[in-house]
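Structure record follows, encoded as structure tokens.
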2 protein chains.
Amino acid sequence: MYVNKFLHNFKVLSVIMVRKTKEDAGLTRQRIIDAAREVFLARGVSRSTLEHIATQADVTRGAVYWHFKNKTEIFHALRDQVFLPLIDRMDDTLTVESSDDALTQIEKSLCDTVHELNKNIEMRQTYEIMMMKCEYVDEFATVLQQILDNCSNITSKFELAYERAKAQSIIAQSHSPRALALDTHLFFSGLLHMWVKDVDGSKFRFQATELIKSHINLRRK
Amino acid sequence: MYVNKFLHNFKVLSVIMVRKTKEDAGLTRQRIIDAAREVFLARGVSRSTLEHIATQADVTRGAVYWHFKNKTEIFHALRDQVFLPLIDRMDDTLTVESSDDALTQIEKSLCDTVHELNKNIEMRQTYEIMMMKCEYVDEFATVLQQILDNCSNITSKFELAYERAKAQSIIAQSHSPRALALDTHLFFSGLLHMWVKDVDGSKFRFQATELIKSHINLRRK
DNA sequence: GTTTACATACATTCGTGTTTGTATATAATA
DNA sequence: TATTATATACAAACACGAATGTATGTAAAC
């Protein structure tokens with residue numbers, strides 16, 4: 001017990017790294033993923049070296065190779081950890097039953113996603129990596145297909161919501177839910193792309209919520 | 001004269017490459033750019049080697065280094081040649097005066113861009129490279145700023161058109177031209193991204209024109 | 001005692017940039 | 001117009017660093 005406390009101090013001080021418990025190994029793994037995010041963001045995925053990542057994580061390449069097979073595997077770990085949850089979350093806010101009318105629900109779902117991106121730095125950075133700091137070829141091409149699939153999925157959710165809106169008679173009967181859903185989806189993926197590219201926030205980020213609201217209002221009867 | 005004909009045959013047969021005139025050098029330069037497009041598309045920009053490009057262009061790296069300082073310079077040459085003209089074109093179709101009403105003009109402008117992408121393979125491939133096969137870091141980061149600037153520019157053009165539409169009383173007075181313009185811009189950049197990602201054309205490409213039309217019809221009073 | 005969780009050292013490949021060589025086009029000169 | 005000089009448009013060879021993967025070493029946990 002006393003010894004553990006002693007070692008713990010060493011660990012915290014980082015003078016001598018003596019990490020061995022499973023718990024510690026888990027932390028190391030996470031540090032590597034976090035480091036990869038920073039490095040990917042700054043240098044792009046292909047220019048990022050395992051040495052860069054190791055240094056940033058304050059370990060050696062040995063540790064990196066212990067936890068991951070190669071750079072691609074780190075990439076996927078990063079993606080799974082941060083990217084996918086956002087999609088799930090959006091899925092949820094759209095599907096869950098609510099006292100709001102259908103249009104408001106769509107609006108809230110979109111705003112919620114943007115809000116999440118705003119406050120969650122890691123998620124924002126990961127998004128930025130996926131959209132601007134990575135080349136979709138070879139082993140990354142599969143990710144692309146997943147993105148397309150997710151898009152289909154989200155669009156279907158939009159469509160269902162618009163059907164409800166139609167049933168609630170809050171949109172014009174002339175518009176087809178399918179077309180509205182596709183339009184909203186394209187609008188939102190455009191917004192996300194611009195949101196990410198607009199690093200200093202002067203063009204899109206500051207007014208993202210308003211853009212969403214006016215997009216939705218356009219539909220309201 | 002006779003000798004020239006003789007040499008010409010050699011050139012055409014590609015048995016011995018004897019190219020030296022300025023004209024021939026220009027062709028070689030263009031071949032390198034075309035080769036780069038193919039290689040970038042297949043392997044991504046960072047994984048593309050000057051050796052890959054040279055081989056594809058049927059020359060050696062010597063020729064590549066003669067015409068270009070490095071890979072980045074080839075990238076920019078490719079971009080300038082194919083990417084920028086499309087933007088100019090869109091700019092034009094939006095600005096030029098026409099007998100159509102303002103909404104129709106926006107619609108035609110968007111459809112025209114999609115149509116151009118459909119028939120112009122090189123343009124399509126270049127777009128694909130810029131959007132999915134390239135990492136926007138370091139020397140490529142400048143390109144990103146240019147994209148944002150172009151977006152502002154296009155959005156302004158949309159806004160002017162929507163003001164005309166408002167003056168023509170073909171849209172509801174309650175909508176602000178600025179908001180409509182931003183919405184259209186986000187819709188269209190979303191569409192272009194999806195259009196490019198949808199390689200087999202089953203999700204977006206086949207119905208791109210209809211998507212545009214229904215986007216515009218949503219605005220019509 | 002064995003496995004875990006790394007650090008260290010090594011071998012090898014790959015891409016880049018540069019240098020050198022060379023045949024031909026083109027300009028200069030006589 | 002014929003000859004000569006120089007610049008052009010590459011090909012081929014070289015030198016170098018950088019990144020990868022693997023193999024080995026090792027101390028602590030279990």
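The distance from atom CZ of A/R29 to atom C1' of C/dC6 is 15 Å, rounded to the nearest whole Å. A straight line from CG of A/L27 to P of D/dA29 spans 15 Å, rounded to a whole angstrom. Distance, B/D58 CG to D/dA11 C1': 13 Å, rounded to whole Å.
Aromatic ring centroids of A/F140 and A/F75 lie under 6.0 Å apart.
Look at B/W66 and you won't find any side-chain N or O under 4.0 angstrom from OP1 or OP2 of D/dC10. Put simply, B/H67 has a side-chain N or O that comes within less than 4.0 Å of OP1 or OP2 on D/dC10.
Closest heavy-atom contact between B/T95 and B/K157: OG1-CD, 3.6 Å. Here the shortest heavy-atom pairing between B/V39 and B/Q56 reads CG2-CB, 3.9 Å.
When the ring pair (Phe, Tyr, Trp, His ring centres under 6.0 Å) test is applied to B/F187, the partners found at least two apart in sequence or on another chain are B/H215.
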Practice prompt. Report, as a single string ordered 5' to 3', how protein heavy atoms within less than 4.0 Å touch nucleotides 18-24 of chain D: B base, S sugar-phosphate only, - not at all.
Written response: -SBBB--
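For the residue pair B/E139 and B/T72, a side-chain donor N or O sits within less than 3.5 Å of a side-chain acceptor on the partner. Checked by atom type, the side-chain pair B/N150/B/Q146 shows no donor-acceptor distance below 3.5 Å.
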